[in-house]
Amino acid sequence: MPELPEAERARRVIEERALRRTIAAVDDSDTYVCRPHAPGQIAAALVGRRLESAHRRGKTLWAEVGGPVLGLHLGMAGRVVVDEGPAPHGWDRFALEFDDGGRLALRDKRRLGRAVLEPDLARLGPDAAEASRPDFRARVGRGAGPIKARLLDQSAIAGVGNLLADESLWRAGIDPRRPAGELSEPELDGLRRAVRAATRDAIRKGGVHTGALIVERLPAGRCPRCGAALATGKVGGRTTWWCPREQG
DNA sequence: AGCATTGTTTCACA
DNA sequence: TTGTGAAACAATGC
């Protein structure tokens, strides 16, 4: 369920366990996940190089290797594993093998993750957990679309996915259907605070599915604060849960 | 069987 | 120009 918190945990795994190791071989044979690269193309760019640093903005990860930049995206179901044996069913869609015998893999049942050279970061807004207050107001608090759709727009701010959006709006007490441009500055500041807190909590607890609202949703969820029956519907094209009493 | 799903991209359309 | 909704992508789970 990768959103910003899962991506950050993946970044830390790379940082803590894979840096300064030399790439001896690369499996880039899955041309769907490694799109648009031909088999062997990523390998040719990386073999012999050393992982130097691991970075993240929103849900996009990248690693410096002293040459071309290696970009990784977890997609809908991906995660990064280090020094684990190959997954069954070919779920390791991309892998680095180190000269010390270890390996780093993008493990992804659904194949919607990506491994690319020179990832395009230009289309991403500032990281959702780091956007300044003025930045957040200007980028998120505009437009006629629902505020939830705005939060999910990675070019506005990067990193918020479907579950983190619901959790943040619930914490801030804001109806996900309200037009983004109609939120007041105090509401936007409160939403920014909620996004940061929800993100921080999710990183610490292990992922977005640990959110207070998220764990209560199914089967007939009630608001963790007031006990009202949660409302559900489609907002911004995505299944959405909110408290009809507190999120006005 | 049919529906859902954590993400992204593209498209037709208003 | 903005925004929306749906479809596509792949694979799994209920």
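All heavy atoms count here, side chains included; hydrogens, waters and symmetry mates do not. Reminder, nothing fancy here: chain letters follow the sequence lines and each chain counts from 1.
As rounded to the nearest Å, B/dT8 and C/dT1 have C1' atoms that lie 22 Å from one another.
Counting only Watson-Crick and G-U wobble pairs whose two distances sit under 3.5 Å, DNA chain C takes part in these stems of three or more pairs: B:2-5 with C:11-14, B:7-14 with C:2-9.
Other residues, nucleotides and ligands contribute only 12 or fewer heavy atoms inside 6.0 Å of the CZ atom of A/Arg20.
No engagement by A/Gly207 is indicated, since no non-hydrogen atom pair under 4.0 Å with the nucleic acid exists. In this structure, A/Pro146 reaches the sugar-phosphate backbone alone: every heavy-atom distance under 4.0 Å involves primed, P, OP1 or OP2 atoms, never a base.
Between A/Arg56 and A/Asp127, at least one side-chain N (NZ, or NE/NH1/NH2) sits under 4.0 Å from a carboxylate O, which counts as a salt bridge.
Nearest-nucleotide positions on DNA chain B place A/Arg114 closer to the 5' end than the other of A/Arg114 and A/Arg123. Residues A/Gly237 and A/Arg142 both approach DNA chain C. Their nearest nucleotides, taken by heavy-atom distance, put A/Arg142 toward the 5′ side.
Both the sub-6.0 Å distance and the 45° axial angle are not jointly satisfied by A/Arg133 relative to the ring of A/Phe136.
A/Asp28 is not listed as a side-chain neighbour of A/Leu46, based on a closest heavy-atom distance of 4.5 Å or more. For the pair A/Arg103/A/Pro86, a side-chain contact is recorded, criterion being any heavy-atom separation below 4.5 Å from C-beta on.
The side chain of A/Trp91 contributes no N or O atom lying less than 4.0 Å from OP1 or OP2 of C/dA11. Between A/His73 and B/dT8, a side-chain N or O to OP1/OP2 separation shorter than 4.0 Å is present. Between A/Lys234 and B/dT5, a side-chain N or O to OP1/OP2 separation shorter than 4.0 Å is present. OP1 and OP2 of C/dA11 both lie 4.0 Å or more from every side-chain N or O belonging to A/Lys109.
Rounded to the nearest 0.5 Å, atoms CZ (A/Phe98) and OG1 (A/Thr22) are 9.0 Å apart.
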